[in-house]
Amino acid sequence: MPPQGLPIFPNMETTADIVALCPRWMENSGGILRMNAQVRTRCCTCRTLIRLRLKDIFARHGSDYSLIDKLERCRMVECFGSTFYLATRTCGSQWTTLLRDPALIAAFEKRP
């Protein structure tokens, strides 16, 4: 039971219904590179984390390229899963999943 005075949202039953807000520096590759943040990809099938060289993404797509809601194929041998991006500002900080689309969040929640 929620505390008195707080609104109840009956339609929000899972975390897929809540759109995560990312800090402004995570909105594009230029901002992430300026903050010297770390970026990784995580496979939804094999669960592998792979360190990403952001300078490669920056050189290929430019500073306005957003990593939010972008999916790629897993780079592990014999894995055909999709990967999504995670970012953190400093070592030891919590990783932020760069997914905002509720359909993508729901699809990755169903994975083990």
Side-chain angles (χ1 to χ4, degrees):
M1 190 78 174
Q4 193 70 9
L6 291 179
I8 299 173
F9 299 104
N11 296 337
M12 296 178 71
E13 296 177 1
T14 66
T15 55
D17 296 324
I18 301 170
V19 177
L21 298 176
C22 294
R24 196 164 190 77
W25 62 268
M26 288 186 187
E27 289 182 356
N28 56 46
S29 61
I32 296 172
L33 192 61
R34 273 192 300 278
M35 290 306 231
N36 200 25
Q38 297 178 15
V39 179
R40 292 189 179 164
T41 60
R42 168 159 244 160
C43 179
C44 66
T45 303
C46 69
R47 309 300 289 169
T48 301
L49 277 171
I50 297 176
R51 188 175 300 150
L52 182 74
R53 289 192 43 174
L54 195 58
K55 289 181 182 180
D56 294 342
I57 296 279
F58 185 82
R60 196 171 350 151
H61 298 289
S63 64
D64 291 333
Y65 184 75
S66 176
L67 299 178
I68 297 170
D69 291 336
K70 295 289 194 290
L71 303 178
E72 288 187 5
R73 287 279 196 202
C74 183
R75 296 181 183 178
M76 296 300 291
V77 175
E78 294 191 23
C79 180
F80 299 102
S82 294
T83 62
F84 56 91
Y85 293 98
L86 300 111
T88 186
R89 194 167 176 181
T90 59
C91 288
S93 296
Q94 183 175 355
W95 289 89
T96 302
T97 303
L98 300 180
L99 293 175
R100 288 185 181 167
D101 182 9
L104 287 175
I105 294 169
F108 285 112
E109 271 185 348
K110 293 177 185 175
R111 298 286 181 157

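Not measured: the values here are computed from a predicted model. Numbers here simply count residues along the sequence, with the first being 1.
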Quick one: side chains of residues 74-93, donor-acceptor pairs under 3.5 Å with protein atoms, not counting sequence neighbours, listed by atom name and distance.
unit_1, atom_1, unit_2, atom_2, d
T83, OG1, E72, O, 3.2
Y85, OH, E72, OE2, 2.5
T88, OG1, T90, O, 3.2
T88, OG1, Q94, O, 3.4
T90, OG1, S93, OG, 2.5
S93, OG, T90, O, 3.4

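- Contacts of R60 classified as side-chain contact (heavy atoms from CB on, under 4.5 Å), with partners at least two apart in sequence or in another chain: D56, I57.
- A donor-acceptor pair under 3.5 Å is formed between the side chain of D69 and the backbone N or O of D101.
- Residue pairs meeting the ring pair (Phe, Tyr, Trp, His ring centres under 6.0 Å) criterion with at least one partner in residues 42-63, sequence neighbours excluded, are H61-Y65.
- By the 4.5 Å heavy-atom criterion applied to side chains, L67 and L54 are counted as neighbours.
- The CZ atom of R100 lies 7.0 Å from the OG atom of S66; values are rounded to the nearest 0.5 Å.
- L99 approaches I105 most closely through the heavy-atom pair O-CD1, 3.8 Å.
- With hydrogens and angles ignored, the 3.5 Å screen pairs no side-chain donor or acceptor of S63 with any backbone N or O of G31.
- To the nearest 0.5 Å, the span separating CZ on R42 from CG on L98 amounts to 13.5 Å.
- Put simply, OG on S29 and CG on D64 are 7.5 Å apart, with the number rounded to the nearest 0.5 Å.
- Nearest heavy atom pair, residue I68 against residue M26, reads CD1-O, 3.8 Å.
- If you chain together hydrophobic residues whose side chains sit under 4.5 Å apart, W95 and L71 fall into the same group.
- Legend: side chain to side chain donor-acceptor pair (under 3.5 Å) pairs involving residues 30-41, not counting sequence neighbours: none detected.
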